[in-house]
Trainee: 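The structure under discussion is supplied below as structure tokens; questions concerning it will follow.
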There are 2 protein chains.
Amino acid sequence: MFMIEADIFRALADPTRRAVFERLASGEMSVSALKARFSVSQPAISQHLAALKAAGLVAERREGRFSYYRVAPEGLAPLVDWIDRYRAFWPERIDRLKDVLKGLEP
Amino acid sequence: MFMIEADIFRALADPTRRAVFERLASGEMSVSALKARFSVSQPAISQHLAALKAAGLVAERREGRFSYYRVAPEGLAPLVDWIDRYRAFWPERIDRLKDVLKGLEP
DNA sequence: ACATTAGATAAGCGGATGCTTATGCGATTC
DNA sequence: GAATCGCATAAGCATCCGCTTATCTAATGT
């Protein structure tokens with residue numbers, strides 16, 4: 001199960017697709033609701049969603065003829081893991097992140 | 001200087017280029033030394049390095065006719081920032097990372 | 001001075017990719 | 001049950017991308 005991060009990097013490399021993901025972060029959304037936010041066709045949206053879903057970055061929920069998509073944040077875990085492998089290289093950076101995290105439980 | 005993460009995502013999306021970056025993480029390397037590790041031509045390596053450099057992920061040091069490349073880990077900061085924007089969505093995940101970080105100072 | 005070596009750049013090619021329009025399919029609505 | 005709606009899929013197309021070979025520059029070696 002190596003190279004899972006490959007699909008994630010590829011999925012997030014496209015600006016529109018990344019924007020779709022970011023949009024979903026603000027809340028679950030139907031395809032048509034998403035389409036209204038972007039200047040691409042509905043099939044384009046569906047294709048981006050399929051790519052994000054295949055990468056494990058979004059999840060789908062069908063309700064009648066509607067499909068609601070939401071971010072699957074755990075799909076970003078391999079990305080975090082990948083970056084984590086290089087944390088030894090930028091100590092001051094990880095310190096800043098550490099501070100942020102520790103702020104969650106003062 | 002918006003959309004910096006765009007270049008980073010794109011740079012890391014290609015498997016070979018990501019492998020080059022990972023290889024450099026093990027230490028500074030000349031182009032020819034890198035080339036010996038991969039089954040692509042020298043121009044391909046140079047092109048990957050140029051892309052990584054443009055994304056701020058590697059740095060170059062010229063010495064005579066040699067060019068030594070090394071990872072520029074601070075170049076990953078925008079990526080960390082980007083992911084950080086979504087940490088609220090996967091609390092159990094951030095907890096795990098938090099544990100890792102706290103393990104650094106037990 | 002000439003040849004060689006390290007690396008970057010140019011040009012071109014084939015395959016991948018993101019978009020479009022057209023169509024198919026199931027669920028609603030009338 | 002016919003029309004419509006929401007969405008997915010198919011097919012085609014233009015562009016992008018990563019690769020190659022060829023060439024160029026600069027530095028070193030003989």
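What's counted below: heavy atoms across the whole structure, side chains too, no hydrogens, waters or symmetry copies. Just so we're on the same page: letters track the sequence lines, and every chain starts at 1.
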Trainee: Among dC19(C), dG18(D), dT20(D), which nucleotide has an atom closest to any side-chain atom of T16(A)?
Mentor: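 From the listed options, dC19(C) comes nearest.
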Trainee: Figure out the CZ/P separation between R18(B) and dG18(D), and round it to whole Å.
Mentor: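 The answer, rounded to whole Å, is 12 Å.
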Trainee: Just to confirm, is there a sub-4.0 Å distance from OP1 or OP2 of dA8(D) to any side-chain nitrogen or oxygen of Y69(A)?
Mentor: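 Yes, such a contact exists.
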Trainee: Rounding to a whole Å, what distance do you find between L49(B):CG and dG7(C):C1'?
Mentor: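 Distance, rounded to whole Å: 10 Å.
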Trainee: Identify which nucleotide among dA8(C), dG18(C), dG18(D) has an atom closest to any side-chain atom of D14(A), counting heavy atoms from C-beta outward.
Mentor: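 Per side-chain heavy atoms of D14(A), the pick is dG18(C).
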Trainee: Enter the distance from E63(B):CD to E28(B):CD here, rounded to the nearest 0.5 Å.
Mentor: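 So the CD of E63(B) and the CD of E28(B) are separated by 8.0 Å.
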Trainee: Heavy atoms only: give me the nearest S46(B)-V31(B) pair and the separation to one decimal.
Mentor: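 Looks like OG-CG1, 4.0 Å.
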Trainee: Round to the nearest Å and state the distance from F66(B) atom CZ to dT5(C) atom C1'.
Mentor: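 Atom-to-atom, F66(B) to dT5(C), this comes out as 8 Å.
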Trainee: Hey, does the side chain of S41(B) come within less than 4.0 Å of dC19(D)'s phosphate (OP1/OP2), counting only N and O?
Mentor: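 No, outside the criterion.
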Trainee: Which nucleotide, dT20(D), dC7(D), dA8(C), lies nearest any side-chain atom of S46(B)?
Mentor: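 My answer, after comparing the listed nucleotides, is dA8(C).
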Trainee: Compare the minimum distances between each of dC19(C), dG18(D), dC19(D) and the side chain of A44(A), then state the nucleotide with the smallest one.
Mentor: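 The closest nucleotide is dC19(C).
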Trainee: Please give, in whole Å, the distance from dA8(C) P to K53(B) NZ?
Mentor: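 The answer, rounded to whole Å, is 8 Å.
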Trainee: Determine: side-chain N/O of S32(B) to OP1/OP2 of dG7(C), distance under 4.0 Å, yes or no.
Mentor: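 Affirmative; the distance criterion is met.
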Trainee: Would you mind telling me which residue lines up with the more 5' stretch of DNA chain C, R10(A) or A50(B), judged by nearest nucleotide?
Mentor: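 Final value for this comparison: A50(B).
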Trainee: What are the two closest non-hydrogen atoms of A11(B) and L57(B), and how far apart are they?
Mentor: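 That would be CB-CD1, 4.1 Å.
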Trainee: Hey, which sits more toward the 5' end of DNA chain C by its nearest nucleotide, A33(B) or A13(A)?
Mentor: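 Nearest-nucleotide comparison on DNA chain C picks A33(B).
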Trainee: Are Y68(B) and F21(B) connected into the same hydrophobic cluster when the rule is that any two of I, L, V, M, F, W, Y join if their side-chain heavy atoms are below 4.5 Å apart?
Mentor: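 No, separate clusters.
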Trainee: In this structure, how many angstroms lie between the C1' atom of dG18(D) and the CG atom of L52(B), rounded?
Mentor: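 Rounded to the whole Å, the gap is 13 Å.
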Trainee: Could you tell me the separation between the CZ atom of R17(B) and the P atom of dC17(D), rounded to a whole number of Å?
Mentor: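 Rounded to the whole Å, the gap is 9 Å.
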Trainee: Any sub-3.5 Å donor-acceptor pair from R17(B)'s side-chain atoms to L12(B)'s backbone N or O?
Mentor: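 It does not hold such a pair.
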Trainee: Let's test your reading of the model: under 3.5 Å, does the base of dA8(C) pair with the side chain of Q42(B) as donor and acceptor?
Mentor: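 Yes, the side chain and the base share a sub-3.5 Å donor-acceptor pair.
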Trainee: Select one nucleotide: of dT21(D), dG18(C), dT20(C), the one nearest the side-chain heavy atoms of P43(B).
Mentor: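 The nucleotide sitting nearest to the side chain is dT21(D).
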Trainee: Nearest whole angstrom, please: distance from the C1' of dT5(C) to the CD1 of I45(B).
Mentor: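 Atom CD1 in I45(B) sits about 17 Å away from atom C1' in dT5(C).
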Trainee: Mind checking Y68(A) for me? I need base, sugar-phosphate or nothing, with any heavy atom below 4.0 Å counting as a touch.
Mentor: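 Y68(A): no heavy atom of the nucleic acid under 4.0 Å.
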Trainee: Any donor-acceptor pair, under 3.5 Å, between the side chain of R65(A) and the base of dC5(D), if you only look at N and O atoms?
Mentor: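 Donor-acceptor pair under 3.5 Å: yes.
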Trainee: Name the nucleic acid region contacted by E60(A), choosing base, sugar-phosphate or nothing; use a 4.0 angstrom heavy-atom cut-off, strictly under.
Mentor: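 Sugar-phosphate, no base atom in range.
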Trainee: Between P on dT20(C) and NE2 on H48(A), what's the gap in Å once rounded to a whole number?
Mentor: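 About 9 Å, once rounded to whole Å.
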Trainee: Within the 4.0 Å heavy-atom criterion, would you say S67(A) contacts the bases, only the backbone, or no part of the nucleic acid?
Mentor: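 Sugar-phosphate only.
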Trainee: Do Q47(B) side-chain and dT20(D) base share a donor-acceptor contact under 3.5 Å?
Mentor: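 Under the 3.5 Å cut-off, the side chain and the base do form a donor-acceptor pair.
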Trainee: Considering all heavy atoms of both residues, which atom of F9(A) and which atom of A13(B) are nearest to each other, and what is their separation?
Mentor: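 Looks like CB-CA, 3.8 Å.
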